[in-house]
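Here the structure is laid out as structure tokens; the discussion comes afterwards.
Letters A, B, ... mirror the listed sequences (proteins, then strands); counts begin at 1. Keep in mind that what you see is a predicted model, and the values were worked out from it rather than measured.
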Amino acid sequence: MPLISLPDGSQRQFDQPVSVLAIAQDIGPGLARATLAAEVNGKLVDASYVVAEDASIAIVTPKDPKGLEVIRHSTAHLLAQAVKQLYPSAQVTIGPVIEDGFYYDFAFERAFTPEDLQAIEARMTELVEQDLVVSRRVMARDDAVAHFQAMGEEYKAKIIGDIPQGDEISLYGQGDFEDLCRGPHVPRTGVLGAFKLMKVAGAYWKGKSENEMLQRIYGTAWPDKKSLNAYLTRLAEAEKRDHRRIGQKLDLFSLQEEAGGGLVFWHPKGARIRRAIEDFWRDRHVAAGYELLYTPHIALQTLWDTSGHTDFYRESMYRPMEEDNQLYQLKPMNCPFHVLIYKNTLRSYRELPMRWAELGTVYRHEMSGALHGLMRVRGFTQDDAHVFCTEAQIEAEILEILDLTLDILGSFGFENYEIVLSTRPEKSVGSDEIWDKATGALRAALQNRGLSYGVDEGGGAFYGPKIDIKIEDAIGRSWQCSTVQLDFNLPERFGMEYVADDGSRRRPIMIHRALLGSLERFFGILVEHYEGRFPLWLAPVQAVVLNITDRQADYAVKIADSLRKQGFRMESDLRNEKIGYKIREHTIQRIPYLLVVGDKEMESGLVAVRTREGDDLGQMSVEALAQRLQSESASRGRN
RNA sequence: GCCCACGUAGCUCAGGGGUAGAGCACUUCCUUGGUAAGGAAGAGGUCAUCGGUUCAAAUCCGAUCGUGGGCUCCA
């Protein structure tokens with residue numbers, strides 16, 4: 001006689017055990033049709049699940065995030081069924097739900113082709129039309145192993161072997177296909193349909209590179225066609241913002257095959273933006289009490305032995321080069337160099353904290369397959385800084401760093417952050433006391449500024465806890481750029497000291513921090529964030545003067561020169577082309593202001609101003625325009 | 001590093017065992033036109049590199065390099 005409590009607080013009494021579906025039916029036929037699964041006392045179950053006792057129940061429909069997960073998971077099964085029908089020798093492995101969709105890994109003697117994907121997708125659609133009933137059954141563990149082995153599904157058998165003893169082994173069947181699965185699943189294949197197979201890729205069994213390579217098929221699935229199309233549109237939007245594409249069109253940077261992979265060439269326009277970024281970065285750092293350093297690009301390998309990099313980081317370092325019977329190492333990091341400067345003289349507690357920053361270019365031999373536009377490169381410039389301080393100064397220094405970070409990121413239009421505090425991992429150096437104190441200081445600093453943050457327990461580096469800050473871009477993607485890490489290791493390895501007020505020698509705390517991460521990567525993110533429409537203070541060309549006929553050529557040049565002398569980045573386009581053509585071209589180049597000069601402007605001594613958004617601001621004097629540019633530039637796009 | 005795909009003019013791409021194609025960009029000429037593409041002509045390519053198969057290779061095969069999507073990695 002189950003008494004069912006619903007989320008709205010209402011209750012329903014049933015004479016005998018009832019299925020979730022029957023309960024939904026009892027509430028309304030519309031709900032029954034939409035029922036995918038249910039949460040019974042907080043546990044996610046199938047629609048066919050029978051409730052025998054009193055319970056609180058929430059029906060899961062496609063509108064529910066959990067419903068969407070069920071749809072994606074069931075679509076993954078649908079994919080597996082279609083693959084097994086078309087390619088019986090393929091073995092199924094795992095098929096989890098991921099962000100925006102799902103994938104399924106198969107062991108198959110060859111790679112799936114795009115044509116295969118089309119065939120599989122078509123078969124999936126047929127299976128949806130057949131509206132197969134999805135049913136669940138439970139099997140004893142040994143029986144299940146034997147069952148899958150008999151079917152030739154070695155991987156499934158292995159997976160069951162890894163399921164803890166005592167756990168229920170459930171199988172889901174639909175038509176001729178049955179798969180090991182925890183569930184839950186949709187009641188019928190007919191409720192699926194808004195899906196698309198996206199791509200094939202290789203993936204290692206269990207994600208380990210020493211294991212065999214499987215064929216992974218990625219797909220996306222949604223409650224309805226409208227959501228699917230919205231998602232596909234979103235993907236197309238993201239592709240339009242691709243920094244590689246925009247970088248090419250706006251002539252910002254390139255990667256050169258003749259130079260090697262992962263090495264960035266900044267073209268004049270990209271370099272202008274970079275300089276604007278760097279100038280701003282330096283000014284803010286000096287204002288925040290940092291000293292700016294320059295250090296070499298190579299150093300004796302023995303330095304990297306001391307720092308421990310040749311032990312921990314060898315595979316990412318370029319091979320050393322030999323000179324004068326000594327090995328020199330291209331630097332993958334700047335830290336040891338800053339440490340050397342620290343150690344150049346005896347330090348007093350009176351000097352601490354010391355804040356040293358450097359735009360330091362480093363080289364890391366990233367795996368060829370990992371390279372990606374500007375986002376993952378082999379030579380890049382870190383906006384690196386190291387703060388050396390006493391234990392007592394940690395919290396105050398972290399506060400300073402957080403303030404500087406949020407100020408700088410905000411200036412680039414990033415106002416939403418996701419902050420994670422990572423604590424001590426199992427393998428680590430340093431005493432319990434220092435870890436507790438340091439982690440507490442990080443936490444206190446975050447709380448002091450009222451910042452909400454997550455905690456990644458055990459996610460810190462072996463040498464100290466850290467705070468990572470992810471920024472959210474214009475289309476909601478998040479990127480990790482900033483990191484603040486405490487380091488108990490390098491000061492130890494290098495024997496760093498300072499003389500305390502009691503005359504004793506103490507070890508300083510070292511804080512590593514980068515705000516932008518790598519200039520190359522941050523630039524790539526900026527390009528995508530602004531879709532190449534850089535705010536005025538960053539725009540490589542802030543305004544271009546366009547003459548209508550040759551008669552105004554001298555006047556156009558005069559206007560451009562005048563503004564250039566006032567510090568604006570100007571161009572003039574005197575080509576013998578129609579004004580419409582020039583406007584189109586420079587609008588596509590995303591130049592913020594187009595200054596049109598014809599006979600009328602020349603006579604009145606004004607310019608006609610048009611923005612890249614297409615707004616006509618009318619005529620104005622050069623002085624008025626300069627003032628406008630000045631204040632817009634100074635605001636950095638903030639109101 | 002591993003799996004798959006791709007590499008043709010500055011760019012975007014078509015073609016494909018028998019003398020290399022388009023659009024845009026570029027150059028020259030005509031046009032001097034008021035807010036997103038005026039017209040004509042011309043120039044431009046060892047078809048990524050190296051090797052193999054073939055009477056003949058841009059095309060087929062292999063290796064290398066690079067690019068893309070994943071995996072892995074990312075103190």
For [X] and [N], what is the distance between atoms [atom1] and [atom2] respectively, to the nearest whole Å?
X	N	atom1	atom2	result
A/Glu613	B/rA36	CD	C1'	14 Å
A/Glu603	B/rG34	CD	P	15 Å
A/Phe253	B/rC11	CZ	C1'	15 Å
A/Glu577	B/rA40	CD	C1'	13 Å
A/Met602	B/rG34	CE	P	14 Å
A/Leu250	B/rU12	CG	P	14 Å
A/Lys578	B/rG39	NZ	P	9 Å
A/Glu585	B/rC11	CD	C1'	13 Å

Report which part of the nucleic acid [X] touches: base, sugar-phosphate, or nothing (heavy-atom distance under 4.0 Å, all strands).
X	result
A/Arg575	sugar-phosphate
A/Gly373	sugar-phosphate
A/Glu601	base
A/Asn489	nothing
A/Lys249	nothing
A/Gly598	base

Taking only side-chain N and O atoms of [X], does any of them lie within less than 4.0 angstrom of OP1 or OP2 on [N]?
X	N	result
A/Lys199	B/rG69	no
A/Tyr218	B/rC4	no
A/His372	B/rG69	yes
A/Arg244	B/rG69	yes

Nearest heavy atoms of A/Asn547 and A/Ala556, plus distance in Å: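 Scanning both residues completely, I find the closest heavy atoms to be CB-CB, 4.2 Å.
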A/Ile583 to A/Leu546 - nearest heavy-atom pair and separation: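 In terms of heavy atoms, the two residues are closest at CG1-CD1, 3.8 Å.
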Just name whichever nucleotide pairs with [N], Watson-Crick or G-U, keeping both distances under 3.5 Å, else none.
N	value
B/rC29	B/rG39
B/rC60	B/rG52
B/rC73	none
B/rG68	B/rC4

[N] versus [M] - spacing of their [atom1] atoms, nearest Å:
N	M	atom1	answer
B/rA14	B/rU28	C1'	29 Å
B/rA48	B/rC30	C1'	41 Å
B/rC24	B/rU67	C1'	23 Å
B/rG7	B/rA58	P	15 Å
B/rG38	B/rG44	C1'	24 Å
B/rC4	B/rA43	P	44 Å
B/rC2	B/rC61	C1'	23 Å
B/rG42	B/rC65	P	43 Å

Residue closer to the 5' end of RNA chain B, A/Phe112 versus A/Asn547 (nearest nucleotide):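 In this pair, the answer is A/Phe112.
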Toward the 5' end of RNA chain B, by each residue's nearest nucleotide, A/Val200 or A/Thr587: A/Thr587
Check: B/rU32 base within 3.5 Å donor-acceptor of A/Asp550 side chain: yes
Below 3.5 Å, does any donor atom in the side chain of A/Gln215 face an acceptor in the base of B/rG70, or the other way round?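 No.
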Minimum-distance nucleotide to [X] side chain [options: [options]]:
X	options	answer
A/Gln248	B/rU35, B/rU12, B/rG1	B/rU12
A/Ala608	B/rG1, B/rA36, B/rU35	B/rU35
A/Ala203	B/rC2, B/rC71, B/rG38	B/rC71
A/Ala201	B/rG69, B/rU35, B/rG38	B/rG69

Using the ring pair (Phe, Tyr, Trp, His ring centres under 6.0 Å) rule, pick out the option among A/Phe108, A/Tyr103, A/Tyr104 that qualifies with A/Phe106.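 When A/Phe108, A/Tyr103, A/Tyr104 are each tested with A/Phe106, the ring pair (Phe, Tyr, Trp, His ring centres under 6.0 Å) holds only for A/Tyr104.
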Can you confirm whether the side chains of [X] and [Y] place a donor and an acceptor under 3.5 Å from each other?
X	Y	result
A/Tyr87	A/Asp116	yes
A/Ser254	A/Gln256	yes
A/Asp305	A/Thr310	yes

When A/Glu528 is tested against each of A/Arg244, A/Arg477, A/Arg241 for side chain to side chain donor-acceptor pair (under 3.5 Å), which residue passes? A/Arg477
Atom [atom1] of [X]: over 12 foreign heavy atoms under 6.0 Å:
X	atom1	result
A/Lys558	NZ	no
A/Glu212	CD	yes
A/Glu613	CD	yes

Might you list the N or O atoms of the protein lying below 3.5 Å from N or O atoms in nucleotides 72-75 of chain B, with each pair's distance?
unit_1	atom_1	unit_2	atom_2	d
B/rC73	O2	A/Arg376	NH2	3.2
B/rA75	O2'	A/Tyr463	OH	2.6
B/rA75	N6	A/His309	NE2	3.2
B/rA75	N1	A/His309	NE2	2.7

Listing time: all N or O pairs from protein to nucleotides 5-9 of chain B that are below 3.5 Å?
unit_1	atom_1	unit_2	atom_2	d
B/rG7	N2	A/Glu257	OE2	3.2

Can A/His267 and A/Phe253 be said to form a ring-ring contact (aromatic ring centres under 6.0 Å, His included), step by step? CA-CA 5 Å; A/His267 297 194; A/Phe253 70 91; 7.5 Å; no
Looking at A/Asp468 and A/Lys466, is there a salt bridge between them, counting it only when a charged N and a carboxylate O are closer than 4.0 Å? yes
Would A/Arg376 and A/Glu520 pass as an ion pair if we require N to O under 4.0 Å? no
